[in-house]
Number of protein chains: 2
Amino acid sequence: MTRERALQTAMGLADAGGIGSLSMRKLAAELGIEAMSLYHHVRSKEDILDGMVDIVFSEMELPLPGEEWKTAMRRRAESTRAVLAKHPWAIGILDSRTSPGTATLRYLDTVIAFLRAAGFSIAMAAHALSVLDSYVRGFAMQEASLPLDQSGSIEAATESILEQQHMMSNAFPHLGEMAAELILKPGYAYGNEFEFGIGLILDGLDGALAGEGAEAARNAPTGAGSAASPTVG
Amino acid sequence: MTRERALQTAMGLADAGGIGSLSMRKLAAELGIEAMSLYHHVRSKEDILDGMVDIVFSEMELPLPGEEWKTAMRRRAESTRAVLAKHPWAIGILDSRTSPGTATLRYLDTVIAFLRAAGFSIAMAAHALSVLDSYVRGFAMQEASLPLDQSGSIEAATESILEQQHMMSNAFPHLGEMAAELILKPGYAYGNEFEFGIGLILDGLDGALAGEGAEAARNAPTGAGSAASPTVG
DNA sequence: ACCTGAACACCGTTCAAGT
DNA sequence: ACCTGAACACCGTTCAAGT
């Protein structure tokens, strides 16, 4: 029995049945011990959740040094989305840990280092982190709560949805139209909306970065507009 | 005793002490009845959560007919953020309700109607809803989990944070630099990042809309590029 | 050092019994 | 129709007692 094995088993339980099916008693049973024995390896259930969240961060792909920044941030976003789809219970508690683990801190540090090396000022790196991660986590949250079939399209096979669809078209015509003309059509998968948003945000960051670079160049025309020193006051 | 009063009291409990402090027994006590009596007015705790989420949607400001769309969407985003800051327990369960209430459906229908009237195709309205709401909810989630003082800046007064800050600067230098040079500086408030992201997304949508309008004009040069008919196949 | 039975203070919900 | 006591099957956690 190690803390590591307890965390891995806890991840398995949460992945399989949601965070609600993770209890100290069930986890202990899975490990072949009594619930009270767990407290020799972890401090509390909160401690277990801290450890689980840190494992989730450790599974996310990091940007590679030298990679073009938009490519790197797009890959990071897609990796985050994939990891959160595998561990949907983690979405709501990713940020709420009061004591972030080392994998979490290393993850953040590496992303910030990458952005700085790519020419982002400290303030612009904070902007980029905020808008990208807010979007990716919000999207993961919405995606996690959809009734999806295995192709990723909305599960419309049940009678109840079709009934609702009919009622909706009368009481809520625009929602009904969007459902009928787009969302419930065979080709539509909500997951594809991700690409639109991430592209839009990366292009926007590109523009903001160019504007900042131009401004820096005006203020200090000899500098290369690169990353070494902070440009924020 | 009515369902309405039960929901309002439940909201008060959740607002005050988080969703964890909302139990059927405590709610009943607050209402002056026994826990079991609640089941005469609501079907289950899930039913209560459904009702609470619908009330949260009813508190969000809707776009006004005729309003300029970027203004309207910015106001909607800020209102959503404010409502979710008042009811942080709602952020993680907003989308996960399997049976949305009438306020929720009316809210969505009104927003879609507004976007269609502003010239968005069905597909572009879906894009806009997805990227805006993912961002706003993701941001609300991150904001809800920060240790903020009343001015909205990070609470840096505790020794433990300063200690961590010192350790961090060695092990995680870029994170440490961002903390020291930006986040822990007196003027900084994480909430101000919201404006950067929402502006970036609205500008991006503006460009996408113009592109779509130009394409529609090429395909049917006599049309005004307006909202009446769907342009999605 | 590691494990555990009993216990405490909680949960959501059912059911039969009251008015 | 509305309320409720007792009960069931759960929680996280403490504590004294075992090896």
Side-chain angles (χ1 to χ4, degrees), chain A residues 1-56 87-94 96-99 101 145, chain B residues 1-56 87-94 96-99 101 145:
Chain A
M1 253 311 295
T2 62
R3 178 186 155 92
E4 207 52 40
R5 194 162 91 84
L7 291 181
Q8 291 297 343
T9 307
M11 297 271 290
L13 280 175
D15 288 350
I19 199 75
S21 74
L22 173 64
S23 77
M24 298 300 271
R25 285 163 155 96
K26 280 184 202 155
L27 174 55
E30 199 80 12
L31 292 164
I33 59 177
E34 297 297 316
M36 308 75 201
S37 308
L38 273 172
Y39 289 85
H40 284 275
H41 304 96
V42 298
R43 227 176 358 251
S44 63
K45 192 178 182 181
E46 281 298 297
D47 185 29
I48 293 180
L49 293 176
D50 282 344
M52 291 166 72
V53 164
D54 208 44
I55 291 175
V56 169
H87 311 298
W89 49 267
I91 301 171
I93 60 175
L94 258 196
S96 67
R97 304 289 89 197
T98 35
S99 50
S145 65
Chain B
M1 253 309 298
T2 63
R3 178 187 157 91
E4 207 52 40
R5 194 161 90 86
L7 291 181
Q8 290 298 343
T9 308
M11 297 270 292
L13 280 175
D15 288 351
I19 199 75
S21 74
L22 172 64
S23 76
M24 298 300 272
R25 284 164 156 97
K26 280 184 200 155
L27 174 56
E30 200 80 10
L31 292 163
I33 59 176
E34 297 298 316
M36 308 74 202
S37 309
L38 273 172
Y39 288 86
H40 285 275
H41 303 96
V42 299
R43 224 176 2 250
S44 62
K45 192 176 183 183
E46 281 297 297
D47 184 30
I48 293 181
L49 293 175
D50 282 344
M52 292 166 72
V53 164
D54 208 44
I55 291 175
V56 168
H87 310 299
W89 49 267
I91 301 170
I93 60 175
L94 257 197
S96 67
R97 304 289 90 198
T98 34
S99 49
S145 65

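What's counted below: heavy atoms across the whole structure, side chains too, no hydrogens, waters or symmetry copies. Chain A is the first sequence line, chain B the second, and so forth, proteins listed ahead of strands; every chain is numbered from 1.
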Name every residue in residues 8-35 of chain A that has at least one heavy atom under 4.0 Å from any atom of DNA chain C, in order of residue number, or write none if there are no such residues. A:Arg25, A:Ile33, A:Glu34
Please enumerate all residues that pass side-chain contact (heavy atoms from CB on, under 4.5 Å) together with B:Asp47, with sequence neighbours excluded. B:Arg3, B:Val42, B:Arg43, B:Ser44
Can you run through DNA chain C from 5' to 3' and write each base as (, ), [, ], | or . depending on how it pairs? Watson-Crick or G-U wobble, both distances under 3.5 Å. ||.|||||...|||||.||
Taking only residues two or more places apart in sequence or in another chain, which ones pass side-chain hydrogen bond (donor to acceptor under 3.5 Å, both in side chains) with B:Glu46? B:Arg97
What pairs with A:Ser21 under side-chain contact (heavy atoms from CB on, under 4.5 Å), at least two apart in sequence or on another chain? A:Lys26
Return the set of residues passing side-chain contact (heavy atoms from CB on, under 4.5 Å) with A:Thr98 (not counting sequence neighbours), or none when no residue passes. none
Could you give the distance from CZ (B:Arg25) to CG (B:Leu38), rounded to the nearest 0.5 Å? 11.0 Å
Does the side chain of A:Leu7 come within less than 4.5 Å of A:Asp54's, by heavy atoms? no
Would you indicate whether the side-chain heavy atoms of A:Leu27 and A:Lys45 approach each other to under 4.5 Å? no
Contacting residues from residues 38-51 of chain A, given that a heavy atom lies under 4.0 angstrom of DNA chain C: A:His40, A:His41
What's the separation between atom CE in B:Met11 and atom CD1 in B:Ile48, rounded to the nearest 0.5 Å? 12.5 Å
Below 4.5 Å, heavy atoms only, C-beta onward: do B:Val56 and B:Met52 meet side chain to side chain? no
Return each pair, listed once, that meets side-chain hydrogen bond (donor to acceptor under 3.5 Å, both in side chains) where at least one residue sits in residues 8-20 of chain A; pairs must be two or more places apart or across chains. A:Asp15-A:His87, A:Asp15-A:Trp89
Just the endpoints, please: which first and last nucleotides of DNA chain D, 5' to 3', lie under 4.0 Å from a heavy atom of chain B? D:dC2 to D:dA7
OG of A:Ser23 to CG of A:Leu13, rounded to nearest 0.5 Å, is 8.0 Å
B:Ser99: side-chain hydrogen bond (donor to acceptor under 3.5 Å, both in side chains) partners, not counting sequence neighbours: B:Asp50
